[in-house]
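A quick write-up on the structure given underneath.
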Amino acid sequence: MTQWFTIARVLPERLGLNGSSASAEILAKSLREMGHEVSIVDVHGPADAPGSVDIVTVGSGSSSQVSPAATELIGLVRVFAQWKNSGAQWVAIGMGWDLLGESLITADGESVPGAGVFPSRADYRPGRFSTEVHGLDSQGRESAGYINHLGHSELLDGATPLMTLENPPEGLPVEEGLTAPHLFATRVGGPALALNPHWAMDIVSETLASRGLTPEPGEFHQRVEAAASKARSLIIERLRSRR
């Protein structure tokens with residue numbers, strides 16, 4: 001039976017660096033290929049925000065966007081609380097995750113309040129990390145991508161790391177990302193959900209479960225996973241050949 005879903009894509013003009021705003025399209029495509037209808041609504045401020053949504057996606061941005069994006073996100077806090085209380089799934093990449101956490105310390109040491117959606121704190125003072133990475137996620141699945149991001153994050157309130165990196169560069173934490181009920185966050189780019197469609201399937205499955213439905217992946221999802229598996233293998237081969 002066809003269901004209708006709404007995905008809110010928050011501040012895509014400010015927080016869409018390196019294809020990170022593509023999470024909305026990837027999740028929408030996955031649901032559509034299961035026979036469902038999906039609308040993507042770009043949210044630039046409270047006036048654009050639907051009263052209820054099924055999935056919220058937030059991308060990453062450049063360091064120059066920290067202050068303006070933080071200001072605009074704080075203006076959406078009441079909307080975020082409404083969405084969160086109604087059980088929406090949250091998907092955040094890079095800076096979008098950091099700004100939706102409890103707080104962020106910039107590279108200059110300035111403290112920026114977060115929107116309070118994710119139980120985490122970010123600190124950009126350790127500097128920038130730019131590297132391909134791979135490892136096992138919290139369910140033991142091989143995952144990979146590219147990190148180009150400042151600092152690191154501290155997880156709070158029992159949140160679980162999304163993945164454990166294999167032999168990360170010096171200074172880059174071994175644990176990456178965040179997963180909790182209704183919450184998914186990572187600094188892995190690629191875009192992350194395209195390189196790791198098992199993560200997209202997790203989000204889609206949880207969204208469907210909220211309506212008592214189960215995912216019904218088909219030939220499209222098999223093709224996507226096969227292509228992503230090859231791409232991840234190339235990343236892993238490159239990383240292991242450098243050691």
Worksheet item: With the threshold set at 4.0 Å, does a side-chain nitrogen-carboxylate oxygen contact exist between E25 and K29?
Response: no
Worksheet entry | A28 versus V38, closest heavy-atom pair with distance | CB-CG1, 3.7 Å
Worksheet item: Do I93 and S23 have side-chain heavy atoms sitting under 4.5 Å apart?
Response: yes
Worksheet item: How about P119 and L178: do any of their side-chain heavy atoms sit closer than 4.5 Å?
Response: yes
Fill in: Which atom of V112 lies closest to which atom of T106, heavy atoms considered
CG2-CG2, 3.8 Å
Discussion item. Same cluster or not: F5 versus V79, using hydrophobic residues (I, L, V, M, F, W, Y) connected whenever any side-chain heavy atoms lie under 4.5 Å apart?
Written reply: no
Worksheet entry | Check: S20 side chain, S60 main-chain N or O, donor-acceptor pair, under 3.5 Å | yes
Fill in: Residue pair V53 / V41, side-chain heavy-atom distance below 4.5 Å
no
Practice prompt. Quick one: which residue pairs count as a ring-ring contact (aromatic ring centres under 6.0 Å, His included) with a foot in residues 12-31, not counting sequence neighbours?
Written response: none
Worksheet item: Between R125 and I105, is there a donor-acceptor pair closer than 3.5 Å when you use the side chain of the first and the backbone of the second?
Response: no
Discussion item. Return the CD1 to CZ distance between I40 and R9, rounded to the nearest 0.5 Å.
Written reply: 5.5 Å
Worksheet item: Is the closest side-chain heavy-atom distance between L76 and P46 below 4.5 Å?
Response: yes
Item to complete: Verify, without hydrogens or angle tests, whether H221 (side chain) and S30 (backbone) share a donor-acceptor contact under 3.5 angstrom.
Response: yes
Discussion item. How long is the straight-line distance from CG of D98 back to CZ of F118, given to the nearest 0.5 Å?
Written reply: 10.5 Å
Practice prompt. For residues A115 and L100, report the shortest heavy-atom separation together with the two atoms involved.
Written response: CB-CD2, 3.7 Å
Discussion item. Let me check something: do F184 and V204 share a hydrophobic cluster, defined by ILVMFWY side-chain heavy atoms less than 4.5 Å apart, either directly or through other members?
Written reply: yes
Worksheet item: Any idea which heavy atoms bring H182 and E206 closest together, and the distance?
Response: N-OE2, 3.0 Å
Discussion item. Is the ring pair W90/F80 parallel, tilted or perpendicular, if the boundaries are 30 and 60 degrees?
Written reply: perpendicular
Worksheet item: Given side chains that start at C-beta, do those of L208 and M34 come closer than 4.5 Å, heavy atoms only?
Response: yes
Fill in: Other cluster members, I74 - Ile/Leu/Val/Met/Phe/Trp/Tyr, side-chain contacts below 4.5 Å
V77
Worksheet item: When rounded to the nearest 0.5 angstrom, what distance separates CZ in R14 from CD in E72?
Response: 4.0 Å
Discussion item. So, taking the atom named CD1 in I7 and the one named CD1 in I55, what distance separates them when rounded to the nearest 0.5 Å?
Written reply: 4.5 Å
Practice prompt. Check whether V91 and L15 end up in the same hydrophobic cluster, where Ile, Leu, Val, Met, Phe, Trp and Tyr are linked by side-chain heavy atoms less than 4.5 Å apart.
Written response: no
Discussion item. Using side-chain heavy atoms (C-beta onward) and a distance below 4.5 Å, is L183 in contact with V117?
Written reply: yes
Item to complete: Answer yes or no for R187 and F129: cation-pi contact, defined as NZ/CZ to six-membered ring centre under 6.0 Å and angle to ring axis within 45°.
Response: no
Discussion item. Whether the side chain of N196 engages the backbone of H198 through a donor-acceptor N/O pair (distance < 3.5 Å, no angle test) should be reported.
Written reply: no
Item to complete: Calculate, to the nearest 0.5 Å, the distance between atoms CE and CG belonging to M95 and L73 respectively.
Response: 10.5 Å
Discussion item. Applying a strict under-4.5 Å side-chain criterion to I, L, V, M, F, W and Y, I'd like to know whether M201 and I26 cluster together.
Written reply: yes
Worksheet item: For the side chain of E176 and the backbone of T186, is there at least one donor-acceptor N/O pair under 3.5 Å apart?
Response: no
Worksheet item: Should R232 and E225 count as an ion pair when the cut-off is N to O under 4.0 Å?
Response: yes
Item to complete: Please confirm whether the backbone N or O of T6 pairs with a side-chain atom of D54, one donor and one acceptor, at under 3.5 Å?
Response: yes
Worksheet item: Would you say the side chain of L234 lies within less than 4.5 Å of the side chain of K230, judging by non-hydrogen atoms?
Response: no
Discussion item. How close do G19 and P191 get, counting heavy atoms only, and between which atoms?
Written reply: O-CG, 3.6 Å
Worksheet entry | Validation row: V188, M163 side chains within 4.5 angstrom (heavy atoms) | yes
Worksheet entry | V133-V174 co-clustered via ILVMFWY side chain contacts under 4.5 Å | no
Practice prompt. State, without any angle test, whether W97 and S120 hold a side-chain donor-acceptor pair at a distance under 3.5 Å.
Written response: yes
Item to complete: Establish, from distance only, whether the side-chain atoms of Y146 and N18 form a donor-acceptor pair under 3.5 Å.
Response: no
Discussion item. Does anything in residues 142-159 form a salt bridge (Lys or Arg N to Asp or Glu O under 4.0 Å)? List the pairs, not counting sequence neighbours.
Written reply: R121-E154
Worksheet item: In terms of heavy-atom contacts, does CZ of R78 have more than 12 from other residues, nucleotides or ligands at under 6.0 Å?
Response: no
Worksheet item: CG/L162 to CG/L155 distance, rounded to the nearest 0.5 angstrom?
Response: 10.0 Å
Practice prompt. Have a look at P12 and tell me which of V58, D42, V43 forms a side-chain contact (heavy atoms from CB on, under 4.5 Å) with it.
Written response: D42
Discussion item. For a quick test of reading the model, state the closest non-hydrogen atom pair linking L193 to A200 and the distance between them.
Written reply: CD2-N, 4.0 Å
